[in-house]
Amino acid sequence: MKLKTRLVFAFCIIILLPIALTCAVLWGFYKIQTRTVQQNYGLEAGDADGLLSNSLQLMNRYTQSDYSEILELSKSDPEKLSSEEYLVQANKKLQEKSSFLIFSKNGDIVYNGYQGESNLDNEQWENQLPPYGDADANGDAAAGYFIDGETQSLLKQVDFVCSDGSEGSVYIITSSESILPEVRQMLVEMGIAVVLILALTAGLMTIWIYRGTMTPLKKLQVATKNIKEGNLDFTIDYDEADEMGELCRNFEEMRQRLKESTEEKMAAEKENKALISNIAHDLKTPITAVKGYSEGIIDGVADTPEKMERYCRTIYNKANEMDHLINELTLYSQIDTNRIPYNFNKINVSAYFSDCVDEIGLDLETRNIGLSYFNYADEDTVIIADPEQLMRVINNIIHNAVKYMDTRKGQINIRIKDVGDFIQVEIEDNGKGIAARDLPYIFDRFYRTDASRNSATGGSGIGLSIVKKIIEDHGGKIWATSKPNTGTIMYFVIRKYQEVPNE
């Protein structure tokens with residue numbers, strides 16, 4: 001679940017769930033307390049239902065039976081109302097309903113059943129109680145009326161005439177301070193329940209949101225710690241369809257790319273070290289030879305014209321080898337930064353390759369290697385290429401062929417063919433060939449088919465990788481076929497130049 005949806009959902013739950021639970025709890029408490037009041041005070045179900053809506057009416061109703069009994073006695077047996085024994089018994093019964101009795105005769109209080117905390121004497125009660133006859137004057141005495149003062153109470157009055165002709169009044173007083181302890185308990189319990197509901201709802205929502213956010217955050221925290229310590233070999237196994245899941249997926253992708261970048265950097269550093277080591281090793285042999293033959297000339301060892309020519313030619317050849325290695329190193333740095341300088345021009349295939357063969361043939365002749373050239377393309381075939389870089393391709397392929405040629409009479413054949421939209425160049429040698437297991441990797445950087453290094457087969461290991469890069473930058477393709485102890489054929493194709501017709 002998305003974080004935004006989770007928050008909206010949590011907000012709705014925090015609002016609606018407490019309201020629903022509170023209503024349910026209030027209804028439950030109301031029913032429980034109504035039943036309790038009904039049982040404690042002997043009320044009918046309809047009377048108890050008015051507990052919260054009209055408490056004064058309820059106060060009146062739950063002393064109604066006592067009032068009716070006293071009113072009936074005032075008519076049938078007024079002498080009993082004057083009996084202290086009856087008054088004590090009736091007052092004890094009323095105390096169970098948070099009420100009490102006061103009996104006055106001729107305006108003087110004869111019996112006071114009040115047992116509250118307020119220290120009110122009879123004189124103070126006489127000042128608050130209505131006089132004899134007010135029950136009839138105020139209408140329905142059974143309904144009672146509210147008296148204010150030090151003790152706020154609901155009062156019911158019954159007036160009667162004693163047997164001796166004196167005027168008597170019985171007052172049923174219900175204190176509002178002690179009325180219905182069940183109501184107060186219910187309100188307290190409701191308040192506690194509401195607080196618990198809010199706390200429970202907030203706690204559940206907090207845990208829900210916390211688990212939904214902290215679980216991926218902890219995984220990300222562990223992941224960042226691993227990256228800080230240089231450990232990239234881990235995965236973040238959190239794939240939920242929310243913002244945190246998207247963040248984890250992006251972080252995992254970043255980790256993978258960072259790992260790939262680190263591995264590429266380490267591989268590049270390893271390749272650079274290998275290149276420097278290879279070239280340093282391969283430069284050492286021609287430099288040693290140049291020094292040796294130079295010292296021979298200086299010391300006068302080359303004392304004949306033939307020796308002098310041989311020494312000078314050897315120095316020249318070794319210098320060419322060093323120049324070739326340095327050029328490869330320079331071009332490698334340009335390839336590594338993708339900054340090979342190209343100067344593309346229209347080139348006539350026949351004329352260009354004829355010149356190349358003439359130039360290469362002179363060098364191969366000195367090495368006692370034969371060269372044959374066959375052009376099967378039309379004389380006017382044109383390609384778009386960089387002449388210098390294309391010459392480098394041909395030189396590298398032939399140099400590589402000469403390096404691994406172990407026959408007494410070497411032979412190199414160059415064939416140019418027209419293959420539709422491309423011209424195909426084939427350079428064939430009769431060297432020792434390439435093993436089938438090595439053939440797929442010969443164009444990889446620093447790949448060498450011979451594990452050992454010596455002055456005859458030494459090299460930087462980047463010659464054919466440079467060839468592949470140049471051909472691909474020309475929009476072409478290069479590949480090879482080979483048979484061990486028979487020879488190797490290198491193929492590459494270059495797209496022909498075609499005029500675009502004007503409409």
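None of the values given here were measured: they were computed from a predicted structure. Positions are given from 1, in the same order as the sequence printed here.
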Discussion item. Restricting to side-chain contact (heavy atoms from CB on, under 4.5 Å), what partner residues turn up for Gln89, sequence neighbours left out?
Written reply: none
Fill in: Nearest non-hydrogen partners of Ala223 and Ile236, listed with the distance
CB-CD1, 3.8 Å
Fill in: Trp479 versus Gln424, closest heavy-atom pair with distance
CH2-OE1, 3.8 Å
Worksheet entry | Met490: which of Val467, Ile394, Ile442 passes side-chain contact (heavy atoms from CB on, under 4.5 Å) | Ile442
Worksheet item: Are Thr235 and Arg255 side-chain neighbours, meaning at least one heavy-atom pair lies under 4.5 Å?
Response: yes
Fill in: Minimum heavy-atom distance between Pro78 and Ser74, given as atom pair plus value
CB-O, 3.9 Å
Worksheet item: Does some side-chain heavy atom of Ile70 sit less than 4.5 Å from a side-chain heavy atom of Leu81?
Response: yes
Worksheet item: Taking all non-hydrogen atoms of both residues, which atom of Gln157 and which atom of Ser169 are closest, and how far apart?
Response: NE2-OG, 3.9 Å
Discussion item. Between Asn345 and Ile384, is there a side-chain heavy-atom distance shorter than 4.5 Å?
Written reply: no
Worksheet item: In Å, rounded to the nearest 0.5 Å, how long is the span from CD1 of Ile471 to CD1 of Ile397?
Response: 6.5 Å
Worksheet item: Once you round to the nearest 0.5 Å, how far does CZ of Arg495 lie from CZ of Phe422?
Response: 3.5 Å
Item to complete: Any salt bridge (Lys or Arg N to Asp or Glu O under 4.0 Å) involving residues 68-77? Give me the pairs, sequence neighbours left out, ordered by first then second residue.
Response: Glu69-Lys93
Discussion item. Holding to side-chain contact (heavy atoms from CB on, under 4.5 Å), I want the full list of residues that pass it with Pro484, two or more places apart in sequence or in another chain.
Written reply: none
Worksheet entry | Results of side-chain contact (heavy atoms from CB on, under 4.5 Å) for Asn400 - residues two or more places apart only | Lys403, Tyr404, Leu464
Discussion item. Using the side-chain contact (heavy atoms from CB on, under 4.5 Å) definition, which of the options Glu85, Glu84, Lys92 pairs with Val88?
Written reply: Glu84
Fill in: NZ/NE/NH1/NH2 to OD/OE distance under 4.0 Å, Glu253 and Arg257
yes
Item to complete: Kindly write out the residues that satisfy side-chain contact (heavy atoms from CB on, under 4.5 Å) with Leu87, not counting sequence neighbours, or none if the list is empty.
Response: Leu101, Phe103, Tyr111
Worksheet item: Quick one: do Lys259 and Asp233 make a salt bridge, cutoff under 4.0 Å?
Response: yes
Worksheet, complete the sentence: CE (Met254) and CG (Leu232) are apart, to the nearest 0.5 Å, by 9.0 Å
Discussion item. To the closest 0.5 Å, what do you measure between CG (Asp159) and OG (Ser104)?
Written reply: 8.0 Å
Discussion item. So for atom CD, which belongs to Gln221, do other residues, nucleotides or ligands contribute more than 12 heavy atoms lying within a distance under 6.0 Å?
Written reply: no
Worksheet item: What residue pairs, at least two apart or across chains, pass salt bridge (Lys or Arg N to Asp or Glu O under 4.0 Å) with a residue in residues 100-109?
Response: Lys105-Asp164
Practice prompt. Would you mind reporting whether Val425 and Tyr491 have side-chain heavy atoms less than 4.5 Å apart?
Written response: no
Worksheet item: Does the side chain of Gln64 pick up a donor-acceptor pair with the side chain of Asp66 at under 3.5 Å?
Response: no
Fill in: Interatomic distance, Thr488 atom OG1 to Ile434 atom CD1 [nearest 0.5 angstrom]
4.0 Å
Practice prompt. Apply side-chain hydrogen bond (donor to acceptor under 3.5 Å, both in side chains) to the pair Asp421 and Gln498, showing each step before the final yes or no.
Written response: CA-CA 9 Å; Asp421 293 337; Gln498 296 177 346; 3.2 Å; yes
Response to the item:
When rounded to the nearest 0.5 Å, the distance separating CD1 of Ile383 from CD1 of Ile494 is 6.0 Å
Worksheet item: Under 4.5 Å between any side-chain heavy atoms of Tyr67 and Ser65, yes or no?
Response: no
Worksheet item: Do other residues, nucleotides or ligands put more than 12 heavy atoms under 6.0 Å from the CZ atom of Phe234?
Response: yes
Practice prompt. Could you tell me whether a side-chain N or O of Thr262 sits under 3.5 Å from a main-chain N or O of Leu258, the two making a donor and an acceptor?
Written response: yes
Item to complete: Begin with the C-alpha distance, continue with both residues' side-chain angles, and end with the deciding distance and a verdict on side chain to side chain contact (heavy atoms under 4.5 Å, CB included) for Ile173 and Tyr114.
Response: CA-CA 9 Å; Ile173 301 173; Tyr114 177 69; over 6 Å; no
Discussion item. How close do Asn343 and Pro387 get, counting heavy atoms only, and between which atoms?
Written reply: O-CD, 3.7 Å
Fill in: Check: Phe492 ring centroid to His474 ring centroid under 6.0 Å
no
Worksheet item: Does the pair Asn250 and Glu252 meet the rule for a side-chain hydrogen bond (donor to acceptor under 3.5 Å, both in side chains), with working shown?
Response: CA-CA 5 Å; Asn250 291 338; Glu252 175 65 14; over 6 Å; no
Discussion item. Does any part of the side chain of Val161, heavy atoms only, come nearer than 4.5 Å to the side chain of Tyr132, both counted from C-beta?
Written reply: yes
Worksheet item: Minimum heavy-atom separation for Leu390 to Ala385, with atom names?
Response: CD2-CB, 4.2 Å
